[in-house]
Amino acid sequence: MRGSHIILLILQSSMKKVVFINEMVKAMKREHKAGHSIGFVPTMGALHDGHISLISESKKENDITVCSIFVNPIQFNNKQDLEKYPRNLDEDLKMLQSSGCDYVFIPETEEIYPNGNPDIKIDFGTLDKVLEGKFRPGHFKGVAIIVKRLFEIVTPDHAYFGKKDYQQLLIIRHLVSTFKLTVKIHACPIIREHDGLAMSSRNLRLTIGERQIASKIYEILCSVKEKAGHLPVKELQGWAVKKINSNPAFRVEYFEIVDKNDLHILKNWKEIENALACAAVFLGDVRLIDNMELFS
Ligand code: AMP
């Protein structure tokens, strides 16, 4: 270990690890009472630099940063996907400690959902019917329930979400406005690997061969950005699907060019400044999602 690393570890105060809800509530009350602003980053663990970028953003703007790690069973519409979801707690704790995170909240499912499957009364309009919502029924309801629950426990002033899950970001904003929550939502850029593949916990499940070709999705998103405005929207969308599917290892579930404000499918380029290309693609049995703003 290099000298600078040793000094860094000594200087960094120890991150507090909290398992129980009442402990978390007490700690957050103490922090608010001390006049500290609280920034919050909810995650499902198997952390990577994408998650850590959210922690860094929170640290810039808050006195205290809290990260939660909870693999939320009710947002998985596919049981196998839940079972295979990567879990890496020891590594996660090391990464969070060296990122300077102040608290990590790691609750048990039984404590979060003591009465089995909870419900929430919220109408997302078309927002949860398209893209991910169309292929993962119930997913966003599960996301809304856990995020609301975590907000009630952590009582953050600010919460940080990645644009990697762009639709989720809009769902959270809708949740906050529906329930008039006081937390401010921040959207953070997509962090990518050197070859452009969007960082994701699910990338850990790719074989070496699959990993080598996975950046193709990013390359095609870049080509779509270059071609945007030059080909009719529908033609460009069809071109992208065909191009990805031309490699038999890939299977496009959807590739759509939408308005980034409400996710309706664009018919033409009149509002090109709002255009967002969104993709969900199976590579083997791993489902990868990515997106790119086409005008920025
Ligand atoms: P997850 O653990 O997948 O639920 O993600 C937790 C948070 O990290 C969500 O707000 C994600 O959008 C965000 N996130 C995941 N991957 C990335 C990435 N590559 N770049 C930026 N944010 C990300």
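Numbering of ligands and ligand atoms starts at 1, following listing order. Numbers here simply count residues along the sequence, with the first being 1.
- Between atom 16 (N) of ligand 1 and the options His48, Met44, Glu193, the minimum heavy-atom separation is to His48.
- Within the 4.5 Å cutoff, no side-chain heavy atoms of Ile146 are placed close to those of Phe151.
- A donor-acceptor pair shorter than 3.5 Å can be found between the side chains of Lys225 and Ser296.
- Among protein heavy atoms, the minimum distance from atom 10 (O) of ligand 1 is reached at Gly162 N, 2.9 Å.
- For the side chain to side chain donor-acceptor pair (under 3.5 Å) test, residues two or more places apart in sequence or in another chain that qualify with Tyr103 are Glu31.
- Between His158 and Val183, the shortest heavy-atom distance links the atoms C-CG2, 3.8 Å.
- Ligand 1 has no nitrogen or oxygen under 3.5 angstrom from a nitrogen or oxygen of Cys188.
- Atoms of ligand 1 lying under 4.0 Å from at least one heavy atom of Leu54, given by number and element, are 7 (C), 8 (O), 10 (O), 13 (C).
- In terms of polar-atom proximity, defined here as any N/O pair under 3.5 Å, Tyr160 makes no such contact with ligand 1.
- Between Lys163 and ligand 1, no N or O atom pair is found at a separation short of 3.5 Å.
- Of the protein's non-hydrogen atoms, the one nearest atom 23 (C) of ligand 1 is Lys164 CB, 4.0 Å.
- Remark: distances from the non-hydrogen atoms of Tyr85 to ligand 1 include one below 4.0 Å.
- Remark: distances from the non-hydrogen atoms of Ala46 to ligand 1 are all 4.0 Å or more.
- The protein heavy atom nearest to atom 11 (C) of ligand 1 is Asp165 OD2, 3.0 Å.
- In His51, the part holding a heavy atom less than 4.0 Å from any atom of ligand 1 is the side chain.
- Heavy-atom proximity to Thr43, at under 4.0 Å, picks out these atoms of ligand 1: 2 (O), 6 (C).
- For the residue pair Tyr160 / Asn62, a side-chain donor-acceptor distance below 3.5 Å is found, with atom types taken as modelled.
- When the shell of 6.0 Å around CZ of Phe295 is examined, it contains 12 or fewer heavy atoms from other residues, nucleotides or ligands.
- Here the shortest heavy-atom pairing between Val19 and Phe105 reads O-CE1, 3.7 Å.
- The shortest N or O to N or O distance between Phe161 and ligand 1 is not under 3.5 Å.
- The backbone N or O of Lys164 lies less than 3.5 Å from a partner atom in the side chain of Asn291, making a donor-acceptor pair.
- Considering backbone and side-chain atoms alike, Pro42 places every N or O at 3.5 Å or more from each N or O of ligand 1.
- Applying the 6.0 Å contact sphere to CZ of Phe20 captures no more than 12 heavy atoms from other residues, nucleotides or ligands.
- Lys134 forms no cation-pi arrangement with Tyr254, by the criterion of a distance under 6.0 Å to the ring centre and an angle within 45° of the ring axis.
- With hydrogens left out, the protein atom closest to atom 21 (C) of ligand 1 is Pro189 O, 3.3 Å, a heavy atom.
- Scanning for side chain to side chain contact (heavy atoms under 4.5 Å, CB included) contacts around Lys84 gives Gln80, Arg205, Asp285, with sequence neighbours left out.
- Protein heavy atom in closest approach to atom 20 (N) of ligand 1: Ile191 N, 2.9 Å.
- Here is the list of ligand 1 atoms found below 4.0 Å of a heavy atom in Met199: 16 (N), 17 (C), 18 (C), 19 (N).
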